[in-house]
Protein chains: 2
Amino acid sequence: MSVAIENFVKAIYKNGKSNTNNTKPGNIAKALNISSAAATDMAQKLAAKDIIVYQKYQPLKLTEKGNKMALTIVRKHRLWESLLFKLFDLSLHDIHREAELLEHQTSDLLAEKISEYLGNPKFDPHGDPIPNANGDITTVDTSMPLSKASEGKSYIISRLLSTDKEFFDFCSANALKYGNTIQVSKQFTSSKMTQISINNNTIVLNSDFTNIIYVNENN
Amino acid sequence: MSVAIENFVKAIYKNGKSNTNNTKPGNIAKALNISSAAATDMAQKLAAKDIIVYQKYQPLKLTEKGNKMALTIVRKHRLWESLLFKLFDLSLHDIHREAELLEHQTSDLLAEKISEYLGNPKFDPHGDPIPNANGDITTVDTSMPLSKASEGKSYIISRLLSTDKEFFDFCSANALKYGNTIQVSKQFTSSKMTQISINNNTIVLNSDFTNIIYVNENN
DNA sequence: AATTATTTTTAAGCTTACTTAAAAATTTAT
DNA sequence: ATAAATTTTTAAGTAAGCTTAAAAATAATT
């Protein structure tokens, strides 16, 4: 399966999420920055391979097989985003761009290794669900903002919902990274501050931060 | 620059290393598993782009530009190998295969981040030098087998020269991973054993192991 | 040095993934 | 419901990166 095909299938999947009628060749063409003619062409080829259902002038629909393909690609994309986010100081925008390329050159084996390394996360740093190797998606999000976390419990950071560079600089300076483990030592309810410990350091965060740092209970 | 071009340039670089006469279209074709005709064709195209010097029936030679391209690809390949080796339990063979794909989808920025994360290593786990971002290669290898390391000093693991699965299993069970730091606490010269500490654990290794584990002084 | 064997090059052709332009169908607006 | 606008499809064509088969040049052998 070529990169062109993978991107085509992914675009149908993504466009279809928001609106079933958003998967006509023209819509997909726009998403991929190709001509409608090229999209119709590809659609007919993929129909012959039983990856999509194609009927003239109708929205494109993924077959079971096509859907599984899309989920595999989405999985790899989100695993890469999660890994790069954890390891490197890169903007979410940069990380997305890199993952967009790497996702197509990733064996199932490597995807498994990345997932394992990250503790088989169910959500990526954006909060988007990561399909498992079978293509199953967990839709129930058990994470919560740090402000809602309980005193004395251990948590794993699951998202940092911000695009602000200063916020990320602060986070990386304090090991507040996706996948890292923290202990919540105190919730100062009146002042809306949270005291946590991470790597034997204790820091106190105000609600600006604890509302955009999402965590999962560490069981 | 397409994947086909990058692989072509890399093949000329690699074949040329061993023998300047080993870069005729036929040699490159074999390395890339394509026909000689395809190689000649590509050679003519790359000559037009000033990436190689092409003269009929002569070995292909990289221009300055082509050489820099090759070094950039080699750099990315070896950085990926180093990273994957550090992070995951994968055979060197698997790691090579993955790196072979990822190297072509890696921005200069990402390469920098990987390098930085690894501490800007000059050699990969195979012991092959990693060119820096300018394409400069360090040829002086300062690493040594662990058996030659000095008592009381700190070292960084730079290579694990083996293809034996059991050896790697032992290593990963004991945090003996590429890039990790160890302390040499004792060299038992008569019995050829070495006592090291890593992550607050102390282990004693015999010379079968200390001769294939290479380290660099940790300054 | 001449013949044979090998390698390289040229030539013609194929597939993939596009493009633009025109024809056909659908959708929107009145 | 019909005309106008938009979208989709078809048709023809292109570039990249291959293939095989034959011609041309080089290298090896005697």
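Residue numbers start from 1 in every chain, and the chains themselves are labelled A, B, ... in the order their sequence lines are given, proteins ahead of strands.
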Send over the distance from [X] [atom1] to [N] [atom2], rounded to a whole Å.
X       : N      : atom1 : atom2 : result
A:Leu32 : C:dT19 : CG    : P     : 10 Å
B:Tyr54 : D:dA25 : OH    : C1'   : 11 Å
B:Asn21 : D:dT26 : CG    : P     : 14 Å
B:Gln55 : D:dA24 : CD    : P     : 22 Å
B:Leu60 : C:dT9  : CG    : C1'   : 13 Å

> Have B:Ser107 and A:Glu98 got a donor and an acceptor in their side chains that come within less than 3.5 Å?
Replying inline: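 The criterion, which ignores hydrogens and geometry beyond distance, is satisfied for A:Glu98 and B:Ser107.
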> With a 3.5 Å cut-off and no angle check, do the side chains of A:Asn216 and A:Thr142 form a donor-acceptor pair?
Replying inline: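 Their side chains do contain a donor-acceptor pair, which is all the 3.5 Å distance test asks for.
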> If every non-hydrogen atom of B:Leu205 is compared with every non-hydrogen atom of B:Phe209, which pair is closest and at what distance?
Replying inline: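 Of all heavy-atom pairs spanning B:Leu205 and B:Phe209, the closest is CD2-CD2, 4.0 Å.
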>> One character per nucleotide, please: for nucleotides 11-22 of chain D, 5' to 3', B when the base has a protein heavy atom closer than 4.0 Å, S when only the sugar-phosphate does, - otherwise.
In response: ------SSBB--
Is there any protein nitrogen or oxygen under 3.5 Å from a nitrogen or oxygen in nucleotides 27-29 of chain D, and what are the pairs?
{"residue": "D:dA27", "atom": "OP1", "partner": "B:Lys24", "partner atom": "NZ", "Å": "3.4"}

>> Between B:Gln105 and B:Val3, is the side chain to side chain contact (heavy atoms under 4.5 Å, CB included) condition met? List the steps.
In response: CA-CA 9 Å; B:Gln105 311 297 149; B:Val3 172; 3.9 Å; yes
> Under the side chain to side chain donor-acceptor pair (under 3.5 Å) criterion, do A:His126 and A:Glu81 qualify, and how do the steps go?
Replying inline: CA-CA 9 Å; A:His126 299 289; A:Glu81 286 204 335; 2.8 Å; yes
> Which of these, B:Lys113, B:Arg75, B:Lys76, sits in a salt bridge (Lys or Arg N to Asp or Glu O under 4.0 Å) with B:Asp108?
Replying inline: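 Running salt bridge (Lys or Arg N to Asp or Glu O under 4.0 Å) over B:Lys113, B:Arg75, B:Lys76 with B:Asp108 returns exactly one hit, B:Lys76.
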>> Need one value for B:Phe8: base, sugar-phosphate or nothing, where a base atom within 4.0 Å counts as base even if backbone is also close, heavy atoms only.
In response: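 The residue B:Phe8 makes no contact with any strand.
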>> Tell me whether the side-chain N/O atoms of A:Lys56 come closer than 4.0 Å to OP1 or OP2 in D:dT10.
In response: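 Result: yes.
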>> Do A:Phe85 and A:Asp124 have side chains that approach each other closer than 4.5 Å (heavy atoms only, starting at C-beta)?
In response: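 Not touching, per the 4.5 Å side-chain cut-off.
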> Quick one: are the ring centres of A:His96 and A:His77 less than 6.0 Å apart?
Replying inline: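 Centroid distance A:His96-A:His77: below 6.0 Å, so yes.
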